[in-house]
Amino acid sequence: MNISAKYDPSSVEDKWYAYWLKNKFFHSEPNDKEPYTIVIPPPNVTGVLHMGHMLNNTIQDVLVRRARMKGKNACWVPGTDHASIATEAKVVAKLKAEGIEKSSLTREEFLQHAWAWREKHGGIILEQLKKLGASCDWERTKFTMDEPLSRAVINTFVYFYKKGLIYRGVRMVNWDPEGLTAVSDEEVIHKETRSKLYYLRYYLSENGRKSDKYIVIATTRPETIMADAAVCINPADGRYHYLKGKKILIPLLNKEIPVIEDDYVTMDFGTGCLKVTPAHDVNDYEIGLRHNLPVLDIIDEHGRLNEKAVILVGEERFAARKKIVEMLREQGYMEKEEDYLSQVGYSERTNAVIEPRLSLQWFLKMDELAAKALKVVEDGEIKLIPDKFRNTYRHWMENVRDWCISRQLWWGQRIPAYYLPDGRFVVEPTLDEAFEAARKIMPEIRREDLRQDEDVLDTWFSSWLWPISVFDPEKPGFPDREPNRELAYYYPTNDLITAPEILFFWVARMIMAGEEFTGRIPFSNVYLTGIVRDKFGRKMSKQLGNSPDPIELMKEYGADGVRVGMLLCTTAGNDIMFDKSQVEQGRNFANKIWNAYRLIQGWEVGPESRQNEYQKCAVDWFESRLNKCIEEMDANFAKFRLSDSLMALYKLFWDDFCAWYLELAKPSFGEKIDSITYGATVKFFDALLKLLHPYMPFITEELWQNLEARKEGETIMFSEMPSCKGYDPELLEDFEHAQQIVMNVRNIRQSKGIASKERLSLYCKENYRSKMNAAVLKLANIDEISARKSFDDCSMGADFMVSTYEFFIPLNTHVNAGEEIEKINKEIEYLEKFLKGVNAKLSNEKFVANAPESVVAMERKKQSDAQTKIENLKNRLCKLIKD
RNA sequence: GGGAGCAUAGCUCAGUUGGUUUAGAGCAUCUGCCUUACAAGCAGAGGGUCGGGGGUUCGACUCCCUCUGCUCCCACCA
């Protein structure tokens with residue numbers, strides 16, 4: 001194998017990914033083992049990998065690989081989402097660039113283009129995930145518009161329709177005049193927008209003629225005055241009581257409208273008078289319903305004024321606004337204009353200003369479904385991680401509104417409603433069945449008379465079935481049907497890893513569908529990742545250009561390095577501030593592992609070599625240290641603290657294994673190693689690789705394959721994850737003391753300018769006992785540690801304390817007494833202050849009486865330790881002054 | 001406007017029912033080293049009183065109140 005001093009991921013990663021694929025290691029089939037299942041949050045089929053995907057999928061891969069090594073039958077189902085709005089927008093844009101307008105195509109032609117686009121660009125993102133090392137079961141790759149999955153969507157629609165939960169109604173929807181579709185509330189982004197508040201004069205009517213009295217009404221949308229149906233005042237507003245029963249004339253049109261009263265109007269906003277425009281404002285629509293006002297829709301689907309507007313017909317709404325403002329000014333209707341900052345809704349997909357618009361849409365009743373989905377989270381049956389999201393979840397589920405599921409698009413599952421010529425309709429999964437049903441209500445009808453609804457279903461109406469339909473697409477819509485073998489085995493899935501912003505669109509709805517069709521929750525844990533931001537805290541976006549290309553990043557730093565870089569700084573639910581330096585850290589770690597391996601593989605076992613005492617120390621200690629770390633990692637994992645778990649391992653490898661263990665275990669220059677130490681080292685390294693594998697799959701496979709002779713078809717992926725076998729806390733404490741002694745000696749060497757090669761002696765007091773002295777001798781380059789009653793007869797040298805133990809190094813150079821005295825004085829001062837605090841506590845009767853015994857005992861120990869330390873320091877001080 | 005959350009070393013974050021924490025880690029910084037696995041490295045060092053104020057308690061980073069600053073979600077008053 002290549003043993004360059006630098007680890008080169010590029011030569012390793014593709015090789016092992018191909019090996020894993022060739023051997024079908026990622027593939028899962030139901031068997032006797034316990035399943036561990038994750039379904040991927042399907043990225044948009046046209047999507048390109050971004051840092052958010054990287055984080056999300058790295059976490060999934062860590063969980064899946066770990067479960068696999070814990071002996072579970074792990075299955076990670078990949079796939080893509082057809083994302084109707086986003087994809088259709090892309091296809092439309094692409095056609096436009098080629099000079100083809102969507103409007104010039106038939107539905108079938110357009111869909112052909114769309115499928116062609118999907119064939120070509122769809123699933124790029126899945127290929128990119130392979131670079132990351134994602135151990136998805138690619139044989140199970142699904143697409144939400146695969147024929148069986150689409151059928152599941154249709155069956156679901158029919159099911160809910162027949163259950164009476166789906167209805168068709170006129171509703172005020174968020175209309176996207178560019179996308180020419182209704183979008184859900186969640187797809188509307190409100191942005192603060194600079195606009196003007198226009199104060200318009202509405203004249204009172206005298207028998208249909210303009211009187212000289214007027215009232216002033218503030219509006220931000222003067223272009224909608226033609227659709228005004230009333231003027232509204234608050235019944236409690238004394239200023240306008242005289243208006244009761246009066247009629248008002250719409251400016252420019254001189255059309256008469258009534259004055260109505262409604263609590264909705266805020267008296268101290270604007271002028272306290274509100275123009276009511278039911279067709280073009282949600283609140284006005286509701287007022288209109290209460291007061292039976294006529295609805296006059298003057299804006300068409302493209303956002304242009306239609307003929308009902310009477311004036312400015314055909315003008316686009318914003319152009320119309322400019323023009324009408326000019327007209328109002330000229331004709332004396334404009335009282336004043338103010339700058340105004342307000343929240344305006346924009347379409348998430350097209351960034352067009354949303355137009356509230358009345359239209360005939362399909363809705364799904366949510367209250368019943370939401371109640372069930374709320375309960376399982378409230379009861380803790382489904383855990384949200386972190387659980388602070390429960391509050392947000394509850395709030396949403398308690399205030400849920402009916403779900404508008406129709407979209408005026410072509411790309412997606414077409415609504416299976418078939419209209420009869422007279423406007424009645426039937427809902428059936430297929431045209432054949434619809435025809436049968438239609439004949440029952442209209443016997444003479446011909447097949448070709450039926451016209452299918454033009455709309456498609458909201459994308460989330462297919463993704464909410466995902467955890468079910470990837471296994472058993474025949475199940476949705478049929479709660480009583482037996483689940484197939486796959487669904488019975490893999491469902492419910494275990495963990496779902498996703499972003500908090502789709503907690504409601506997707507997670508909540510999957511819970512609803514799961515409950516409805518299987519009677520079970522779809523997953524037990526929902527791990528919510530944060531948003532990946534740049535180091536300045538800005539969201540990564542194309543416009544800012546602050547998002548690194550993941551593929552380039554992996555090329556430069558290696559997939560393992562990138563994974564580690566992301567994981568080190570992520571905690572559930574928190575945004576991550578991404579910076580290249582983290583990825584560098586990951587790369588450096590991979591290199592460290594690589595070089596540790598280089599050291600070990602260069603060792604030669606000598607048959608006659610015997611294990612040194614310090615090597616025995618190292619092996620005994622690391623055995624305990626390793627097990628303690630495993631315990632810590634497992635505890636963190638149980639709480640989904642992935643980053644803590646990785647950090648514990650990082651330190652174990654870098655500090656404990658490399659800096660301490662290997663330094664002790666490695667044979668002296670030019671010598672061979674004994675078989676016991678060698679065997680132990682290989683065993684430890686093997687365990688470390690396994691622990692590391694979920695985080696860093698590539699380098700660990702590479703090194704594991706080389707560590708010992710492996711057969712074809714063997715993989716670290718299926719090796720057993722090490723578990724904690726217990727440890728000796730005393731041994732660990734002894735070694736910690738040894739480490740501190742070594743560090744003190746090194747420190748003294750550095751400050752006194754003593755070369756590390758120069759061998760020193762070390763005295764300790766007789767009370768110091770340790771099993772790890774041999775390690776100190778080796779690492780601090782000490783010839784012996786001799787125990788003494790006191791250091792009084794030692795003249796030149798340096799002393800130090802570890803815990804309460806005193807040590808002395810005889811030296812033939814003078815210590816700088818002045819400096820030393822100052823240092824000791826400072827330490828005494830500090831300790832005395834500390835002791836004072838402890839004494840105060842202990843002399844407080846209430847503390848001694850109330851605090852638990854263990855706490856008091858701890859304070860007593862602190863007290864005596866501090867006293868001992870101060871005493872020791874004072875002795876040293878006396879000696880220094882005497883000398 | 002309603003709701004939720006956050007504020008701990010230069011940066012990113014831990015700190016698990018208040019007491020083994022005299023507040024930890026990683027990165028960054030500083031000093032000295034090309035020491036025969038690794039300069040993507042080694043050895044060592046410095047750095048915070050836990051946003052401000054008040055309270056509860058024998059004891060508070062940890063609980064309560066309040067102020068300040070930030071983030072997110074929901075609703076969007078024309």
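Throughout, a chain's letter reflects where its sequence line sits, starting with A, and its residues are numbered from 1.
As rounded to the nearest Å, B/rC13 and B/rU8 have P atoms that lie 9 Å from one another. The same atom, P, is picked in B/rC42 and in B/rU35; the two are 14 Å apart, to the nearest Å. As rounded to the nearest Å, B/rU21 and B/rC38 have C1' atoms that lie 35 Å from one another. Nucleotides B/rA78 and B/rA7 are separated by 38 Å at their C1' atoms, to the nearest Å. Using atom P as the reference point in both B/rA25 and B/rA9, the two lie 14 Å apart (nearest Å). For B/rU57 and B/rC73, the P atoms lie 41 Å apart once the distance is rounded to whole Å. Comparing B/rG15 with B/rA23, their C1' atoms are spaced 8 Å from each other, to the whole Å. The same atom, C1', is picked in B/rC30 and in B/rG46; the two are 7 Å apart, to the nearest Å.
For A/Gln585, counting side-chain heavy atoms from C-beta on, the closest listed nucleotide (B/rG26, B/rU22, B/rC58) is B/rG26. Listed nucleotides B/rA75, B/rA25, B/rU22 differ in distance to A/Lys651; the shortest reach to its side chain belongs to B/rA25. The A/Leu831 side chain lies nearest to B/rU22 when the options are B/rC58, B/rU36, B/rU22.
In this entry the distance linking CG of A/Asp655 with P of B/rG24 reads 17 Å, nearest Å. Nucleotide B/rU21 holds its P atom 11 Å from the NZ atom of A/Lys861, rounded to whole Å. As a whole-Å value, the separation of A/Lys841 NZ from B/rG18 C1' is 11 Å. In this structure, CZ of A/Arg598 is placed 8 Å from P of B/rA37, rounded to the nearest angstrom. Following rounding to the nearest Å, A/Ile217 (CD1) and B/rC77 (C1') show an atom-to-atom distance of 14 Å. A/Tyr198 places its OH atom 18 Å from the P atom of B/rC77, with the value rounded to the nearest Å. Put simply, CD on A/Gln863 is 16 Å from P on B/rU20, counting in whole angstrom units. Counting to the nearest Å, the C1' atom of B/rC74 and the OH atom of A/Tyr393 are 16 Å from each other.
Here A/Leu274 lies in heavy-atom contact (under 4.0 Å) with a base. At the heavy-atom level, A/Pro500 lies nowhere under 4.0 Å from the strands shown. A/Gly272 comes within contact range of at least one nucleobase, with a heavy-atom separation under 4.0 Å. At a threshold of 4.0 angstrom between heavy atoms, the contacts of A/Asn283 are confined to the sugar-phosphate backbone, with no base atom among them. When heavy atoms are screened at a 4.0 angstrom cut-off, A/Asn850 is found touching base atoms of the nucleic acid. Within 4.0 Å (heavy atoms only), A/Val265 reaches at least one base atom of the nucleic acid. Here A/Thr220 lies in heavy-atom contact (under 4.0 Å) with sugar-phosphate atoms only.
When both distances must be under 3.5 Å, the Watson-Crick or G-U wobble mate of B/rA7 is B/rU68. As the counterpart of B/rA23, no nucleotide is assigned, since no Watson-Crick or G-U wobble pattern has both distances under 3.5 Å. Under the Watson-Crick and G-U wobble criteria, each requiring two contacts below 3.5 Å, nucleotide B/rC30 is paired to B/rG44. With a cut-off of 3.5 Å on both Watson-Crick or G-U wobble distances, the partner of B/rC77 is given as none.
Between the side-chain ring of A/Phe847 and the base of B/rC58, no stacking contact exists by the 5.5 Å and 30° definition.
Residues A/Tyr393 and A/Phe389 keep their aromatic ring centres 6.0 Å or farther apart.
At least one side-chain heavy atom of A/Leu760 sits less than 4.5 Å from a side-chain heavy atom of A/Arg749.
A perpendicular orientation is assigned to the rings of A/Phe684 and A/Tyr661, their planes being inclined by more than 60° (bins at 30° and 60°).
Taking a 6.0 Å sphere around NZ of A/Lys778, one finds it holds more than 12 heavy atoms contributed by other residues, nucleotides or ligands.
Taken to the nearest 0.5 Å, the CG atom of A/Leu707 stands 10.0 Å off from the CD atom of A/Gln601.
Not one side-chain nitrogen or oxygen of A/Arg641 sits closer than 4.0 Å to the OP1 or OP2 atom of B/rA25. The side chain of A/Tyr340 places an N or O atom within less than 4.0 Å of a non-bridging phosphate oxygen (OP1 or OP2) of B/rA78. Distances shown here put a side-chain N or O of A/Lys862 below 4.0 Å from the OP1 or OP2 atom of B/rU22. Dashed line: the shortest gap from a side-chain N or O of A/Tyr650 to OP1 or OP2 of B/rA25 is not under 4.0 Å.
Between A/Glu338 and A/Lys336 there is a salt bridge, since at least one side-chain N of the basic residue sits less than 4.0 Å from a carboxylate O of the acidic one. Using a 4.0 Å cut-off between a side-chain N of Lys or Arg and a carboxylate O of Asp or Glu, A/Lys666 and A/Glu671 do not qualify as a salt bridge.
For A/Arg746 and A/Trp660, the positive end sits near the middle of the six-membered ring, less than 6.0 Å away and at most 45° from its axis. Annotation: cation-pi pair A/Lys196/A/Tyr340 absent, no NZ/CZ under 6.0 Å from the ring centroid and within 45° of its normal.
Between A/Leu200 and the choices A/Ile250, A/Thr271, A/Thr219, the side-chain contact (heavy atoms from CB on, under 4.5 Å) rule is met once, by A/Thr219.
Nearer the 5' end of RNA chain B, as judged by each residue's closest nucleotide, is the contact made by A/Lys388, out of A/Lys388 and A/Val742.
Remark: the A/Lys757 side chain and the B/rU35 base include no donor-acceptor N/O pair separated by less than 3.5 Å.
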Just the atom pairs and distances: protein N or O near nucleotides 40-43 of chain B's N or O, under 3.5 Å.
unit_1: B/rA40; atom_1: O4'; unit_2: A/Asn588; atom_2: OD1; d: 3.0
unit_1: B/rA40; atom_1: O2'; unit_2: A/Asn591; atom_2: ND2; d: 3.2
unit_1: B/rA40; atom_1: N3; unit_2: A/Arg587; atom_2: NE; d: 3.3
unit_1: B/rG41; atom_1: OP1; unit_2: A/Asn588; atom_2: ND2; d: 3.4
unit_1: B/rG41; atom_1: O3'; unit_2: A/Lys592; atom_2: NZ; d: 3.2
unit_1: B/rC42; atom_1: OP1; unit_2: A/Lys592; atom_2: NZ; d: 2.7
unit_1: B/rC42; atom_1: OP1; unit_2: A/Trp654; atom_2: NE1; d: 2.7
unit_1: B/rA43; atom_1: O3'; unit_2: A/Arg746; atom_2: NH1; d: 3.2

